[in-house]
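Notes for the one structure printed next.
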Amino acid sequence: MQEISTYPLIYISENPLQPEAVIDLVKSDHCGGIDVFIGTVRNQTKGKTVVRLDFESYDKMALREMEKIARKAREKWPIDKIAIHHRKGSLAIGEIAVIIAVSTPHRKASFEACQFAIDTLKETVPIWKKEIFEDGEVWVAAHP
Amino acid sequence: MQEISTYPLIYISENPLQPEAVIDLVKSDHCGGIDVFIGTVRNQTKGKTVVRLDFESYDKMALREMEKIARKAREKWPIDKIAIHHRKGSLAIGEIAVIIAVSTPHRKASFEACQFAIDTLKETVPIWKKEIFEDGEVWVAAHP
Amino acid sequence: MKITLVSFGIAKDIIGSREMEYELPDSASVGNLLEKLAHDYPDFKDLTSIRVAVNTEYAKNDQVISPQDEVVLIPPVSGG
Amino acid sequence: MKITLVSFGIAKDIIGSREMEYELPDSASVGNLLEKLAHDYPDFKDLTSIRVAVNTEYAKNDQVISPQDEVVLIPPVSGG
């Protein structure tokens with residue numbers, strides 16, 4: 001396993017994400033609050049059983065868009081550190097697809113900034129997930 | 001170290017809190033979002049350097065009030081699991097004082113429920129912190 | 001009647017001990033307790049607030065105290 | 001001019017390969033590219049949206065494409 005301290009703040013990986021490592025990345029002696037959002041793979045969608053999720057990423061642009069989210073969040077809130085880690089490849093039920101962690105001096109900003117980051121990520125970051133069912137597969141959000 | 005799976009959902013301890021263990025407690029195959037709030041010890045308050053924090057807890061009642069928060073949050077949001085861990089005793093700068101983790105089917109509820117839980121904890125749970133400065137100490141919030 | 005009064009945080013500092021035996025009139029209420037404490041320990045009036053828990057529940061001023069109750073002084077909480 | 005068109009997600013499935021050489025008029029815009037794609041691959045019209053990234057930035061329809069640009073089809077994203 002990679003040394004915790006060597007993870008970058010903005011990161012895409014085929015390997016399992018490490019919540020503790022991401023939290024350590026944003027810890028700060030002059031911040032009192034860290035909010036962390038963890039997105040995991042659900043075992044069903046609209047009542048249908050999901051077998052696994054396959055994530056595809058346009059890495060170069062996805063990292064840039066993730067950097068942009070961090071920059072925009074810093075413009076809106078007094079953030080000390082913000083980390084965004086996204087998984088790609090094939091994920092089993094319960095595995096972590098994304099971790100966003102934000103440290104701020106006071107807690108309210110950490111919640112707001114973290115929610116902004118995940119909401120924006122889902123709109124702008126070029127990463128795609130395909131839901132694999134027992135009887136087929138579908139690219140999420142591709143069709144109206 | 002204690003086995004991860006043996007931690008209770010509502011917990012007060014003199015030992016360092018374990019974010020990964022708390023996250024594991026609320027992970028759920030039918031939930032897509034986990035929000036985690038981590039409160040850490042800041043190195044300063046109102047410009048004054050803090051040396052450490054001492055937390056005192058009326059354990060029996062504090063656990064009951066923490067259970068109440070979990071119950072109230074469940075009435076308001078579709079929560080799968082909610083965990084609240086609070087540290088007591090002497091904490092150094094940067095150490096974790098509280099961890100709250102909430103898993104919900106969709107992410108918005110996890111943010112709202114987690115924020116509700118920490119906001120309410122700070123109003124109702126009988127735990128007190130004393131800030132230790134180089135030249136004195138003060139019970140936080142005791143005086144207007 | 002004699003009750004056992006338990007104190008935390010700054011309330012313990014003001015009273016000087018974690019637990020003390022405290023004399024109250026029979027059937028005294030939480031309000032009566034707070035009045036007597038304010039008289040015996042004037043420093044309480046400087047606090048942002050002081051609440052009383054009876055048997056691990058926040059109690060209202062009109063709640064009557066029994067000698068066997070667990071009575072605890074709750075100064076302003078500051079967890080988290 | 002010939003551009004290299006890279007596709008992800010369902011766009012790759014519709015086109016049938018990750019990268020393809022694609023013929024466009026010189027100085028074609030992103031809008032021109034999308035029109036030609038809609039003609040050549042009718043399945044694109046069933047998508048919620050299709051965006052184009054030029055050199056890792058979302059491009060507007062009036063942006064002119066050069067042969068050396070990194071041109072990527074971005075179907076509806078679904079990360080997180």
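Note: hydrogens, waters and symmetry copies are ignored here, and every other heavy atom, side chains too, is used. Note that the structure is predicted; figures quoted are calculated from it, not measured. Every chain is numbered from 1 and lettered A, B, ... according to where its sequence line falls, protein lines coming before strand lines.
- For K88(A), no part sits under 4.5 Å from any heavy atom of chain D, backbone or side chain.
- With a 4.5 Å cut-off on non-hydrogen atoms, V140(A) touches chain D through its backbone and its side chain both.
- Looking at S57(A), the atoms closer than 4.5 Å to chain D (heavy atoms on both sides) all sit in the backbone: N, CA, C or O.
- H143(A) and D46(D) share no side-chain donor-acceptor pair at under 3.5 Å.
- In E21(D), the CD atom is crowded: over 12 heavy atoms of neighbouring residues, nucleotides or ligands sit closer than 6.0 Å.
- Interface remark: E123(A) contributes backbone atoms only to the contact with chain D (heavy atom separation under 4.5 Å).
- Using a 4.5 Å heavy-atom threshold, the side chains of F44(D) and L73(D) count as touching.
- For chain D, the nearby part of A97(A) is the side chain; its heavy atoms alone come within less than 4.5 Å.
- Heavy-atom neighbours of K81(A) NZ from other residues, nucleotides or ligands within 6.0 Å: above the threshold of 12.
- Annotation for K60(D): atom NZ does not count as buried by contact number, only 12 or fewer foreign heavy atoms lying within 6.0 Å.
- Contacts with chain D were tallied for K130(A), E56(A), K60(A), K68(A); E56(A) has the most, counting heavy-atom pairs under 4.5 Å.
- Proximity to chain D (any heavy atom under 4.5 Å) is restricted, for W139(A), to the side chain, taken from C-beta onward.
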Practice prompt. Determine, step by step, whether K45(D) and D43(D) satisfy the salt bridge (charged side-chain N to carboxylate O under 4.0 Å, His left out) criterion, reporting the C-alpha distance in whole Å, the side-chain angles of both residues, the deciding distance to 0.1 Å, and the verdict.
Written response: CA-CA 5 Å; K45(D) 75 171 187 313; D43(D) 285 351; 5.8 Å; no
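- Looking at Y58(A), the atoms closer than 4.5 Å to chain D (heavy atoms on both sides) sit in the backbone and in the side chain alike.
- Contact detail for I79(A) and A113(A): the closest heavy-atom pair is CD1-CB, 3.8 Å.
- Contacts of V6(D) with chain A are absent, with no heavy-atom separation under 4.5 Å from either backbone or side chain.
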